[in-house]
Amino acid sequence: MGSGPRHPSPILGTTRFTAIFGDPVEHSLSPTMHNAAYAALRMDRRYVAFHVTPKALTSALRGIQAMGVLGINLTVPHKEAALRVMDQVRTEGILLGAINCVINRNGKLIGDNTDARGLERDLRRLAIRTKGRTVLIVGAGGGAASAALAVKRLGASRAIIANRTRSRAGALARRCARVSRAGTVFEGAGLECLRDSRLLATTACVINATPMGLTTGSFVPLNYGATPSDCFFYDLLYARRPTPFLQGAIRARRKCADGAGMLVEQGELAFKLFNGVAAPRGVMRRALMDALGRK
Ligand code: NAP
């Protein structure tokens with residue numbers, strides 16, 4: 001697995017740190033992306049991964065204040081629990097009820113979330129046309145909430161949130177509807193709607209925001225062939241090979257992408273929040289694509 005360009009200077013007494021907390025965290029490619037940007041900018045900084053359990057989260061976050069760590073990314077399962085440790089939470093974190101970034105501003109912990117903005121930027125980059133159309137979001141957790149906010153901002157007229165636990169889909173749809181007084185109409189549904197040909201025939205984009213495919217090895221039955229030929233399939237998961245959700249789209253000759261692009265975009269936004277400067281264009285993307293063995 002590639003690790004990006006080597007940093008031109010050694011770790012010294014002056015070196016400052018940023019990091020990711022997760023449980024598990026060993027698989028994370030965020031260190032690869034952020035360290036590539038530090039190397040390209042010749043910044044005396046490094047990004048490291050810490051395996052932090054839910055029990056240790058509060059003391060780990062207090063530790064970054066004590067040690068002057070500049071910023072932290074949070075991954076599963078910390079995005080919601082970390083909220084209560086923050087001194088301040090920015091609007092995006094409040095809207096999503098979860099944070100994926102903690103900025104240490106002179107000892108004050110500020111929570112933010114770059115997932116929805118990251119996904120929105122990737123959907124724009126891919127030129128996926130959702131304006132005035134229906135989008136189907138599978139899942140009702142934090143990733144699905146980010147997808148709902150992203151497609152609202154892209155002007156979708158209707159977003160169906162389909163989830164295994166139907167009540168959670170309904171709850172997320174109601175939360176989104178409160179934020180979206182005008183514009184997108186949000187509806188909750190069960191996973192059986194993925195076989196509803198009439199609904200699928202009007203769907204412009206299907207977004208998977210569940211770990212199905214990684215944890216289960218397969219995706220629930222979905223009638224890919226009933227979607228319009230320009231329907232786009234987007235998986236928040238990313239892997240070296242197409243995920244089971246995307247394999248169905250490829251077989252049905254539909255366009256698709258995995259969440260590697262979202263990871264890059266949310267990472268670039270986080271880099272700017274932590275360091276006050278933007279990562280040089282394309283550096284984080286190249287580092288991630290190298291690590292995934294892609295061109
Ligand atoms: P989460 O809050 O734990 O939500 C998981 C969702 O998946 C829930 O709606 C859950 O349904 C559903 N689910 C889990 N296992 C299932 C199964 N076997 N069958 C059907 N549904 C199942 O997770 P999250 O934070 O939203 O993350 C979702 C996925 O997005 C993860 O794989 C994560 O890695 C990915 N993600 C990627 C990026 C990126 O940058 N590319 C960013 C954020 C998240 P129930 O409600 O019924 O339990």
Side-chain angles (χ1 to χ4, degrees), residues 20-30 32-34 54 73-83 92-93 96-101 112-123 125-126 136-150 160-173 175-176 188-195 206-222 233-240 242-246 256-271 284-285 288-289 291-292 294:
I20 182 165
F21 291 174
D23 178 19
V25 78
E26 294 72 16
H27 65 285
S28 173
L29 294 173
S30 291
T32 303
M33 294 194 303
H34 285 256
N73 275 127
L74 297 165
T75 185
V76 178
H78 301 314
K79 291 184 182 185
E80 285 157 29
L83 273 172
E92 197 85 348
L96 294 169
I99 53 174
N100 72 340
C101 291
D112 202 344
N113 199 319
T114 58
D115 276 344
R117 281 173 284 162
L119 177 58
E120 180 190 346
R121 279 165 58 141
D122 201 38
L123 295 175
R125 184 185 65 87
L126 292 161
L136 191 46
I137 297 167
V138 189
S146 297
L149 197 52
I160 314 281
I161 295 165
N163 195 45
R164 175 176 64 183
T165 311
R166 208 180 180 294
S167 56
R168 281 192 79 197
L172 178 58
R175 231 178 75 210
C176 293
L191 291 179
E192 67 284 352
C193 78
L194 301 177
R195 297 191 304 271
V206 186
I207 300 175
N208 175 36
T210 77
M212 265 191 287
L214 269 194
T215 50
T216 57
S218 63
F219 197 79
V220 281
L222 194 163
F233 288 79
Y234 191 100
D235 201 338
L236 262 57
L237 291 179
Y238 53 88
R240 289 182 150 252
T243 60
F245 169 69
L246 296 185
C256 61
D258 72 9
M262 174 181 176
L263 187 72
V264 170
E265 300 288 350
Q266 65 76 29
E268 286 184 352
L269 290 164
F271 189 92
M284 293 176 85
R285 181 176 299 277
L288 178 66
M289 295 308 157
L292 290 172
R294 296 184 196 169

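Start at 1 and go down the list; that is how both ligands and their atoms are numbered.
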Could you tell me whether the side chain of [Y] reaches within less than 4.5 Å of the side chain of [X], counting heavy atoms only?
X: P242; Y: D258; value: no
X: S28; Y: T75; value: no
X: M33; Y: L263; value: yes

Over all atoms of both residues, closest heavy-atom pair of [X] and [Y]:
X: A150; Y: A116; result: CB-O, 3.7 Å
X: N208; Y: D235; result: ND2-OD1, 2.9 Å
X: G22; Y: H78; result: CA-CD2, 3.8 Å

Have a look at ligand 1 and work out which part of [X], if any, has a heavy atom under 4.0 Å from it: side chain, backbone, both or neither.
X: A209; value: backbone
X: L236; value: both
X: T210; value: both
X: V220; value: neither

Using 0.5 Å steps for rounding, measure from the [atom1] atom of [X] to the [atom2] atom of [Y].
X: T210; Y: F245; atom1: OG1; atom2: CZ; answer: 8.5 Å
X: F219; Y: L246; atom1: CZ; atom2: CG; answer: 9.0 Å
X: N113; Y: R117; atom1: CG; atom2: CZ; answer: 7.5 Å

Looking only at non-hydrogen atoms, which of M212, Q266, E80, R168 approaches atom 19 (N) of ligand 1 most closely?
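Closest candidate by heavy-atom distance is M212.
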[atom] touched by protein (heavy atom, under 4.0 Å):
atom: atom 7 (O) of ligand 1; value: yes
atom: atom 3 (O) of ligand 1; value: no
atom: atom 22 (C) of ligand 1; value: yes

S30 versus N73, side-chain donor and acceptor atoms under 3.5 Å
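No, S30 and N73 have no side-chain donor paired with an acceptor closer than 3.5 Å.
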Test of proximity, D115 against ligand 1: N or O pairs below 3.5 Å:
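In this structure, D115 places no N or O atom under 3.5 Å from an N or O of ligand 1.
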What do you reckon, does A140 have a nitrogen or oxygen under 3.5 Å from a nitrogen or oxygen of ligand 1?
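Looking only at distances, the answer is yes, because the N/O contact criterion of under 3.5 Å is met.
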Give a yes or no answer on whether the side chain of [X] reaches the backbone of [Y] with a donor-acceptor pair at less than 3.5 Å.
X: D112; Y: C101; value: no
X: R285; Y: E265; value: no
X: R195; Y: L191; value: no

Looking only at protein heavy atoms, which one is nearest to [atom], and what is the separation?
atom: atom 33 (C) of ligand 1; answer: L237 CD2, 4.6 Å
atom: atom 11 (O) of ligand 1; answer: N163 OD1, 3.2 Å
atom: atom 14 (C) of ligand 1; answer: P211 CD, 3.5 Å
atom: atom 39 (C) of ligand 1; answer: M262 SD, 3.7 Å
atom: atom 1 (P) of ligand 1; answer: G141 CA, 4.1 Å
atom: atom 17 (C) of ligand 1; answer: R164 NH1, 3.2 Å

At less than 4.0 angstrom from any non-hydrogen atom of [X], what atoms of ligand 1 do you find?
X: T165; answer: 45 (P), 46 (O), 47 (O)
X: G139; answer: 9 (O)
X: G259; answer: 41 (N)
X: G143; answer: 24 (P), 25 (O), 26 (O)
X: L263; answer: 40 (O)
X: G142; answer: 2 (O), 26 (O)

Mind checking whether K79 has a heavy atom under 4.0 Å from ligand 1?
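Contact present.
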State if V76 counts as touching ligand 1 under the rule of any non-hydrogen atom under 4.0 Å.
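No, that is not the case, since the closest heavy atom of the residue is not under 4.0 Å from the ligand.
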Can you tell me which residue among L194, I207, N163, I160 is in a side chain to side chain contact (heavy atoms under 4.5 Å, CB included) with V138?
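Only match with V138 under side chain to side chain contact (heavy atoms under 4.5 Å, CB included): L194.
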